[in-house]
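First the structure, in the form of structure tokens, and then the observations on it.
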Amino acid sequence: MDLFSSLWVPSCYCLCLPAFISVMELLPFISKHLVLTVLENIMHKEALGGWDYVTIALTMIISVLIGLYFRFTGNRQSTTTEFLMAGRNMGRLPVVFSLVVTKLSAIAIVGEPTDVYLYGTQRCIGFFFIFVGSAVTAYVFLPVYFAVGASTIYEYLEHRFGRKTRRAISFFCYIQTLLNMSIVIYTPAIALSAVTEINPESSLVLIGGVCILFSTLGGLKAVMWADVFQAVMMYACLIVLLSKCLYEAGGFTEVYRAAHDGGRMDFFK
């Protein structure tokens with residue numbers, strides 16, 4: 001990836017993330033009738049139909065097939081650079097989609113609407129700092145990493161401060177990632193178990209197993225292209241959901257009125 005790409009990626013990321021989360025913040029206000037219907041269906045285990053199960057199965061199967069494709073094509077993940085760095089020749093599209101989807105986990109999809117519903121839209125103030133952080137990263141940090149040939153911040157820390165510093169920071173990041181990923185995987189497992197006969201433990205094994213399988217088979221290339229596929233699925237579902245909910249609620253004006261009357265449009269409380 002050249003320097004222009006390194007600036008383009010975080011710029012697109014900082015634009016996509018606020019837009020996505022802003023969309024998510026509308027969901028709690030859009031259709032009380034739709035939410036009550038879904039909850040009623042969940043209570044009777046009727047929320048998912050045959051096509052829903054087909055969609056879930058195909059999503060997992062296609063993700064695994066992406067891993068198999070990159071395992072047996074190209075350089076076949078035969079080198080460390082190919083497996084961990086995707087051969088350093090990925091285009092902008094998969095990189096941008098991968099960055100955005102990686103951050104927009106189940107925590108954002110499930111947690112953001114809940115937080116806005118309970119406490120209001122003051123979280124939007126934090127979006128300003130996404131632009132600031134992305135600009136600083138693009139114009140201050142990334143050029144330094146490219147100049148020294150570092151592929152990760154930990155590699156740079158070793159060059160700058162020594163191996164002990166790299167190991168210490170890596171350890172703390174590992175703990176943080178472990179705790180974060182536990183919640184990221186557990187949240188969809190709970191959601192899946194709520195609308196199916198699959199218990200949370202089996203959901204954890206299924207979701208985690210699929211992710212481990214295509215990542216192990218295809219390396220970083222498989223991860224990025226699986227992210228592209230999953231991003232398309234995610235945004236398609238959101239567009240359909242928003243369209244349906246706006247129709248049920250009577251339009252965007254009605255949604256805004258309900259949010260305002262409910263006290264969710266105050267950004268500073």
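All values below were derived from every heavy atom in this structure, side-chain atoms included, with hydrogens, water molecules and symmetry-related copies excluded.
S202 places no side-chain N or O within donor-acceptor distance of the main-chain N or O of I198, the cut-off being under 3.5 Å.
In this structure, CZ in F146 is found 15.0 Å from CZ in F141, a value given to the nearest 0.5 Å. Between atom NZ of residue K244 and atom CD of residue E248 there is a gap of 4.0 Å, rounded to the nearest 0.5 Å.
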Could you pull out every donor-acceptor pair under 3.5 Å between side chains of residues 174-185 and any protein atom, sequence neighbours left out?
{"unit_1": "T177", "atom_1": "OG1", "unit_2": "C173", "atom_2": "O", "d": "2.8"}
{"unit_1": "S182", "atom_1": "OG", "unit_2": "L178", "atom_2": "O", "d": "2.7"}

Residues 206-227, side-chain donor-acceptor partners within the protein, below 3.5 Å, at least two apart:
{"unit_1": "S215", "atom_1": "OG", "unit_2": "C211", "atom_2": "O", "d": "2.7"}
{"unit_1": "T216", "atom_1": "OG1", "unit_2": "I212", "atom_2": "O", "d": "2.6"}
{"unit_1": "K221", "atom_1": "NZ", "unit_2": "E82", "atom_2": "OE2", "d": "3.1"}
{"unit_1": "D227", "atom_1": "OD2", "unit_2": "S98", "atom_2": "OG", "d": "2.7"}

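Taking the side chain to side chain contact (heavy atoms under 4.5 Å, CB included) definition, one finds that I169 meets it with Y154, L157, T165, sequence neighbours left out. By the salt bridge (charged side-chain N to carboxylate O under 4.0 Å, His left out) test, R166 is found to be paired with E158, residues two or more places apart in sequence or in another chain being considered. In this view, V140 and V136 satisfy the side chain to side chain contact (heavy atoms under 4.5 Å, CB included) rule, not counting sequence neighbours. Residues passing the ring pair (Phe, Tyr, Trp, His ring centres under 6.0 Å) test with Y145, sequence neighbours excluded: Y156. Remark: R257 engages E254, D261 in a salt bridge (charged side-chain N to carboxylate O under 4.0 Å, His left out) (not counting sequence neighbours). Partners of H260 according to the side chain to side chain contact (heavy atoms under 4.5 Å, CB included) rule, which considers only residues two or more places apart in sequence or in another chain, are Y256, M265. By the side chain to side chain contact (heavy atoms under 4.5 Å, CB included) test, F229 pairs with T59, I62, S63, I66, M233, sequence neighbours left out.
Residues L93 and V232 do not share a hydrophobic cluster, defined by chaining ILVMFWY side chains whose heavy atoms lie under 4.5 Å apart.
Remark: L58 CG is packed, more than 12 non-hydrogen atoms of other residues, nucleotides or ligands lying under 6.0 Å away.
Among residue pairs with one or both ends in residues 168-184, none qualify as salt bridge (Lys or Arg N to Asp or Glu O under 4.0 Å); sequence neighbours excluded. Counting only residues at least two apart or in different chains, salt bridge (Lys or Arg N to Asp or Glu O under 4.0 Å) contacts with residues 141-152 are absent.
Between A231 and V101, the shortest heavy-atom contact is CB-CG2, 3.2 Å.
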